[in-house]
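Just the heavy atoms: all of them, side chains too, but no hydrogens, waters or symmetry mates, feed the values below.
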Amino acid sequence: MGAYHAGSLAVQELMGVRDRADHVGRSLGQDIKPIAAAFLELQPLLVVGAADPETGRMWASALTGAPGFVRATGPRQMSVVADPGQRLDSQPEGAGGCVGSAATAAWARATTPDPHLNDGLTDPLATALKTPGTHIATIALDPRTRRRMRLNGRLRPTARGFAVEADQVFSNCPKYIQRREGYETVDRTPGEPRWGSELSSQQREFIESADTFFLATAHPGGADVSHRGGNPGFVQVVSARELTWPDYAGNAMFLTLGNLRTDPRAGLLFLDWTTGTVLQLTGEAHTEFTADGERTVRFTVAEAMETPAALPLRWSAPEYSPANPDIAR
């Protein structure tokens, strides 16, 4: 398989950017370069995307840990360590860590042999993250430096978590990433996950106040998870089961829109960067194109899961990206 599949190629042709996409596509590779490996080891947050092997639905989830919980363990391998017996805040920042996210507590428990540890906390990707051969997508995003790195491949469970054999490794520009100067780890008790088939009024407000979300999609050869950012209000909730957002100009690869052209399944992840609340949505999305080249993505909710105080990270207030378009009110 080349750098792009048929869906991405079709969108590139439609938008008239095939030459530019070919040039940018040279950045796609399988190797984790030393600078990328160093970047990974500094991150307390990793977003993953995959399909639930039981339902086939796409989800995006957040994993957190003390820096070092995710690292390159080979030229084409990334490893994530989970240790449900340790807390994120038990180690100083920069020390080798463990997964400390309540949103993925079920996955951490599933890596241990004691069935009594399962107390009902469930992440939609708990099964996928312990299933050999799962097509998994990851993105490490650092708000402090406005840098991001994506690594997609196949998952292999390990004694302490999982490893990903890389098929694609690449970085993106800082466009539309809100800068947050720093974070602190806090002691939180996660709330009970709330499931639903449509958005509550509070969830609708949460989404419309967001400046960032993550989007998991699939294609015939794997999965991908990307970042979407803008000024608050860039995501609009049309109804309790539908939301839209503009697809801003990017790197011309159209990996996400290309995926949606061939497979409408999508998973969205919204984080509250202050309280640690996580909102995960799964459903289907499609892209609407206008004659002047504008693009809008329309997403229909199939399931929603909200976990209050799920993440033990509290980030500083955002400095909005200068690239963010103004929101028409």
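Leu255 places a side-chain heavy atom less than 4.5 Å from the side chain of Phe170. Leu281 is not listed as a side-chain neighbour of Trp59, based on a closest heavy-atom distance of 4.5 Å or more. The shortest distance between side-chain heavy atoms of Pro308 and Thr275 does not fall below 4.5 Å. Taking 4.5 Å as the limit, some side-chain heavy atom of Gln280 sits within range of a side-chain heavy atom of Pro124. Side chains of Ile32 and Pro75 form no contact here, defined as non-hydrogen atoms less than 4.5 Å apart. Residues Phe234 and Pro325 are not in side-chain contact: their nearest non-hydrogen atoms beyond the backbone lie 4.5 Å or more apart. At a threshold of 4.5 Å between non-hydrogen side-chain atoms, the residues Leu63 and Leu45 do not count as touching.
Applying the side-chain hydrogen bond (donor to acceptor under 3.5 Å, both in side chains) test to Arg241 and every residue at least two apart in sequence or in another chain returns nothing.
Under the 6.0 Å distance and 45° angle rule, Arg180 counts as a cation-pi partner of Trp273.
Annotation: Trp245 is in aromatic contact with Phe213 [ring centroid separation under 6.0 Å].
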Sequence neighbours excluded and cut-off under 3.5 Å, please list the side-chain donor-acceptor pairs for residues 46-56, or say none.
| unit_1 | atom_1 | unit_2 | atom_2 | d |
| --- | --- | --- | --- | --- |
| Asp52 | OD1 | Glu54 | N | 2.9 |
| Asp52 | OD2 | Thr55 | OG1 | 3.4 |
| Thr55 | OG1 | Arg57 | N | 3.2 |

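A donor atom on one side chain and an acceptor atom on the other are not found under 3.5 Å apart for Asp224 and Asn259.
The two residues Asp211 and Pro318 come nearest to each other via the heavy atoms OD2-CG, 3.9 Å.
Between atom CZ of residue Phe69 and atom CG of residue Leu40 there is a gap of 9.5 Å, rounded to the nearest 0.5 Å.
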